[in-house]
Amino acid sequence: MSTLLEVSGVTVSFDGFRAINNLSFQIGPAEMRAVIGPNGAGKTTFMDIVTGKTRPDEGHVLWGEKSISLIGMSEAKIVRAGIGRKFQKPTVFEEQTVQENLLMALRKDRGPLAVLIYKPSKADLEHVVKLAEEIGLADALLRISGEMSHGQKQWLEIGMLLAQDPRLLLVDEPAAGMTPAEREKTTAILVEAAKTRAVVVVEHDMEFVRRLNCKVTVLHGGAVLAEGSLDHVTKNQDVIDVYLGR
Amino acid sequence: MNRSFIARNPSVLVFLALLGLFTLVVSVLSEGFGVGLISTSFVKTLGKTLCLCLIAVAMDLIWGYAGILSLGHFAFFGLGGYMVGMWLMYERTRQIVVNSLAEGVLPPTPEEIQAAIGNQIFGVVGSSEFPLIWFFADSLVLQLAFVVLVPGVLALVFGWLAFRSRVTGVYLSILTQAMTLGLSLYLFQNASGLRGNNGLSGLQNLPGVTAPQSAVSLWFFWASALALGLGYLLVAWVVSGKFGSVIRGIRDNEARVRFLGYSVESYKLAVFTLTACIAGIAGALYYPQAGIINPAEVAPIASIYLAVWVAIGGRGRLYGAVIGTAFVSLVSSWFTGGQAPDVNLGFYTIKWVDWWLILLGLSFVFVTLYAPRGMSGLIDLLVRKSRGEDT
Amino acid sequence: MKNFLLVVLAALLLTNAAPAQTNPVQDVLQSQRALIEKSSRRSIGPAIDAIVSSGLPQMQEVLEAWRAKDMWQRKSDGFFFAAKKNSDGTYALQSFDSGASVGDFAKSDLKQLKPNSGIRAMIATALVQFQLTDPDISKRSEALDSIARDSEAALLAPLRASIAAETDPDLLVRKIRLNHLMTMTYDADTASRVEAINNMAGDLGVDYRGTLNPLLSTKIEITDIGDVPDANIATDLRPGTENFSRQTAYEILVAAQLAPPEVTVDARDAALEANIVAGRVGGLPVAQLSTEIKRNAAYDTLVTDGLAAPRITATDIDESLAKHRFFEVYAEPSAEVTTAAKAALAKSQSRVAVSQAVDLGLDALSLASIYFLAAIGLAITFGVMGVINMAHGEFIMLGAYTGYVVQLFIPNHTLSILVAVPLAFAVTFAAGVALERLVIRWLYHRPLETLLATFGVSIALQQLAKNIFGTQARPLTSPAWLDGAWAINDVIAISYIRIAIFILALLFFCLFLFIMKRTRLGLETRAATQNPRMAASMGINTDRVNMLTFGLGSGIAGIAGVAIGLFAKVTSEMGGDYIVQSFMTVVVGGVGNIWGTLAGAMMIGGFQKGVEWLNPSNTLAAQTYMIIFIIIFIQFRPRGIIALKGRAAGD
């Protein structure tokens, strides 16, 4: 299987504290992966490194068929290379409509001049409607997104990620604070997305991870503790120790 | 610009119509053309106010929409004024000098003319040499280009440095304030080549124009109204589309916009530079009406007042910026001009000249605390209410 | 010889007149009678010399009386006496020789000697030698002052003579130093002059350098090409070099009348104007003379017609310069002396440069302490609490005005400062608490809004101060014991007030560290800023903590205001002078770290003084460059000198 993202030997420390310790991680072009781990395992820092927010002290982060190094690239450039990220807290532009949010995320030229003279074409508007249908917000296109429920905002954010048409989706705790029905829908959206692209989901909730039904990577102390199917890793003695405490 | 833009933004049309009407009424009532109910000096005040409204619109774009509280835009305003002032002063002095030298026995040589102009302009700072920055002062076209170019390039360089190192929020505000302070301190020196604290004066006299001030004041009034109209239209267009979405996004959550793949820095830089250019144009129209420009105009406090006007008017709404600026600056000149009647409390007489700033400062605190949407928030409320009654 | 004969003659005459007494003083005076009576500055010299060289002790009295216009001449015999006016209008005469009274005389019998100011100055110089050995210390000291002020060769010998007998150690030191300095210039022996110069080489004294400089004074001498002047040559000047342009060289030739002067533009134009005939001059119509080329052409025609002096062309200048050589020649003939003086001066100058660098360092340090003092309140409110208080500068102003008001009531400056410091703290603490309660607490975590609202407060406070105290600067006088400066040598000096501010800054620094690290308030403040909810749930009253901390920061600004008011002007706008710099200090240093603020103040102060040193006339430019420097500095260290790292720094 070819590799879309390869993280190898990455280490990063803050004031002497090693948040990530010689971490290695790989994912293929159309794969769903769940990353779990206790608090402070380095899940968020891992995402920060991939998306260019944090610069590692050592190691490589290679991307795509041409194995471009992502280290030192600006966040925006990494996004344009095809990596989308969803944050833990739903962050949509609350003062703008669902349509505006989605239009902004649409995969288009992102230069200021191009954006200034941009006029949404019919195809773009239709694409937005289609996306809205996928995330169940077709009726809410012209609503101000700040007025929507927590779950709707989460979907909108996922919708924005899909609009970017990324090759890799990093999703941080998508199910947090959702009702069971909402969770089910979220799972469906993610599974659907993983058919055509790589999706990495960071999650605490084992039930949710189980429903994703995918390979699981367990992080602990900034390094990979175990990898495999959920059943496989939950039987791993180390994982049990970490989760239950020694 | 397309029809759908105007159609989607009826408030722009309303504003332009009101501005046109206002211009017409003032023209008819002015001394220069019509009835004479409005004095020439008041026409100038109104013209200047329009220029201030223009820079306020720019300020609203950078602050209200892009969320960057720049405390440096009055510096760009002042630079625009200086650029046009250089030509005005040079050309007018040249005409005076040529006239006076013509009385001599020998016809003047270009060197003599140049030396005499230098003496006239820079004698006050103990020099007669032309500084290098006056090299193009004899060319109106170039100096007009500089009105946009000099603030634009300064904003571009400063903005590039600041945004590149991710200076945001209050840090950026303080940095822009420092830039303004640095510029004004620089201009205060005699060695700056712009006559130190004397500044440039006599700018109300257009070289080669014999028309009376009553007419000239109207020309500038029209030019200011036109500039405000065009500036408003431009900014309204900029904020209406996807670009507007992006910069509002930057204001609300910069990191999120970055993770959508937009190069936030380029957008900030674009807005910063564009607004600096608008500010330069506004300044270039303002100072010929004021007649004089000196470094005190560029001092940080001026940019702070600009923020005050926009905040009182209500930021994030272009008409709010215009209303706030027009209201506060007109009321301010009414109070500080000594026209306002003093209030006698028996034991103490409130002289508005002394107390106006205190009132302004406190009302600013009040607006920030209790009415963050400013005066335009009030209008929104009224509009919503009337709509609510209609349906 | 002539003098001697006269003295003898006079002595003979006098012996006849008064055989019973010897009057050596009167004899000397009589011998110089003609010169004294003539009383002319040009001719009086020998008379004074004779009086001094007589070596008579009474001569000091004579000279003093003469200078004070108290010496009178009896018309009957021409004798000189000290005279004192009696109450009845007559004058009591007194013999210079014996001091005995000679009797009262009417004014009509006497003639007063009225030396003019030039003569009085000469008398004073002559007197100096007597005063050098005067028993009165103050007179000796005065004499030294007078010699140091304008020395002359004649004084060297008496000065040397007086050294051996000098009892006062301070005066002895001064005399020896003066002797050295005068030896350099006036000693007849070149070797001892060189020795004196070398002995003091590297001395920092202004007097030393002031003595050396004239030794090295030069003038320009012109010789024909091939000649060398017979003098102590300093340099061989070549026209067209950096320090000696061809233009200057030619002007010197003109001044020495060795070359014809150039025709100036004005002279040319005047000649043209003078020769206009029927609207034409030099063959051209006047109306065409609007360029330099045309005017020159017309003038050249005038020259050909013999109506004007020819213009000096570049070739003319070349020719003139080629005929001459230029030398810089020392006024001092001895090459040994000038060489030694040059070396000694260079040594002194390099030592002066070192001292100036040290002085600059001290200046920078004191500027840094001022910035630190102004910024330390901000380091608390902005650095620790994260509150942007744009009215911080106005709190400084408030403190300064408190000091001023206290001085209105307590005239004793020491006491008033002692009262003003706690009072300023109290006033600004209260103002800070009020600001926090009324405005800032509603705006926590909305920094831009805080910035705006406090701007409003700043505008209002400034105007309020203007309304109360007016626009002109108010004095805040420091106690007398803070006047003056601590002079380490002739170059390095630091005023006591700056030392006091440095100490105050140091004190505040320690106080800050103590409060933040060692007290409950510091702990609670840090807790309340880092995680207010957690702090609240642990029983910390965050409201109260915020209020107190903000008050503390404001109060310190008030004390800083008193200190700043002592050396700067107290005006309603003084706050604005410090606010931007203070924020810069905190930001450049690294927010949230007092060591950073210290480093920031040092860096900004040092940089500003450094720029001022490069361009001393322009403090405004220094500030401009400082701001540019800060903007560039932030490029490289966006989080300041001492940055918090990792997640704690936030984003």
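Proteins get letters first, then strands, A, B, ... in listed order; numbering begins at 1 in each.
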Part of [X] lying under 4.5 Å from any heavy atom of chain C:
X         : value
Ala162(B) : backbone
Tyr171(B) : side chain
Phe366(B) : neither

Pairs of heavy atoms under 4.5 Å with chain C: top-ranked of [options]:
options                                    : value
Val105(B), Val365(B), Leu161(B)            : Leu161(B)
Thr368(B), Ile358(B), Val367(B)            : Ile358(B)
Val167(B), Leu362(B), Leu360(B), Leu181(B) : Leu181(B)
Leu359(B), Ile174(B), Leu183(B), Leu69(B)  : Ile174(B)
Phe188(B), Trp356(B), Trp63(B)             : Trp63(B)

Do other residues, nucleotides or ligands put more than 12 heavy atoms under 6.0 Å from [X] [atom1]?
X         : atom1 : answer
Arg373(B) : CZ    : no
Tyr444(C) : OH    : yes
Tyr625(C) : OH    : no

* **Ring centres under 6.0 angstrom apart (His392(C), Phe395(C))** =>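 When the ring centroids of His392(C) and Phe395(C) are compared, they turn out to be at least 6.0 Å apart.
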Selection from [options] maximising heavy-atom pairs under 4.5 Å formed with chain B:
options                                    : result
Glu449(C), Arg295(C), Gln288(C)            : Arg295(C)
Ile459(C), Asn467(C), Leu289(C)            : Asn467(C)
Leu452(C), Thr291(C), Val286(C), Val580(C) : Leu452(C)
Leu443(C), Val439(C), Val587(C), Thr454(C) : Val439(C)
Phe583(C), Trp442(C), Phe455(C)            : Phe455(C)

At a heavy-atom separation under 4.5 Å, does [X] approach chain B through its side chain, its backbone, both, or neither?
X         : answer
Gln581(C) : side chain
Ile388(C) : side chain
Leu461(C) : neither
Met626(C) : neither

* Spell out, as yes or no, whether a donor-acceptor pair under 3.5 Å connects the side chain of Arg441(C) to the backbone of Arg437(C). =>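 Yes; at least one donor-acceptor contact below 3.5 Å.
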Nearest heavy-atom neighbours spanning [X] and [Y]:
X         : Y         : result
Val298(B) : Ala75(B)  : CG1-CA, 3.8 Å
Tyr401(C) : Ser572(C) : OH-N, 3.2 Å
Pro300(B) : Ser184(B) : CD-OG, 4.2 Å
Ser363(B) : Ile312(B) : OG-CD1, 4.4 Å

Less than 4.0 Å between a side-chain N and a carboxylate O, is that true for [Y] and [X]?
X         : Y         : value
Arg268(C) : Asp300(C) : no
Glu612(C) : Lys609(C) : yes
Arg166(B) : Glu254(B) : no

* Asked: Does Leu175(B) reach the side chain of Met584(C), with side-chain heavy atoms less than 4.5 Å apart?
  ->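 Leu175(B) reaches Met584(C) side chain to side chain.
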* Please work out whether the ring planes of Trp309(B) and Phe74(B) are parallel, tilted or perpendicular, with thresholds of 30° and 60°. =>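 Plane angle over 60°, so perpendicular.
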* Within residues 106-116 of chain B, which positions have a heavy-atom distance to chain C below 4.5 Å? ->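 Within residues 106-116 of chain B, the residues that come under 4.5 Å of chain C (heavy atoms only) are Leu106(B), Pro107(B), Pro108(B), Thr109(B), Pro110(B), Glu111(B), Glu112(B).
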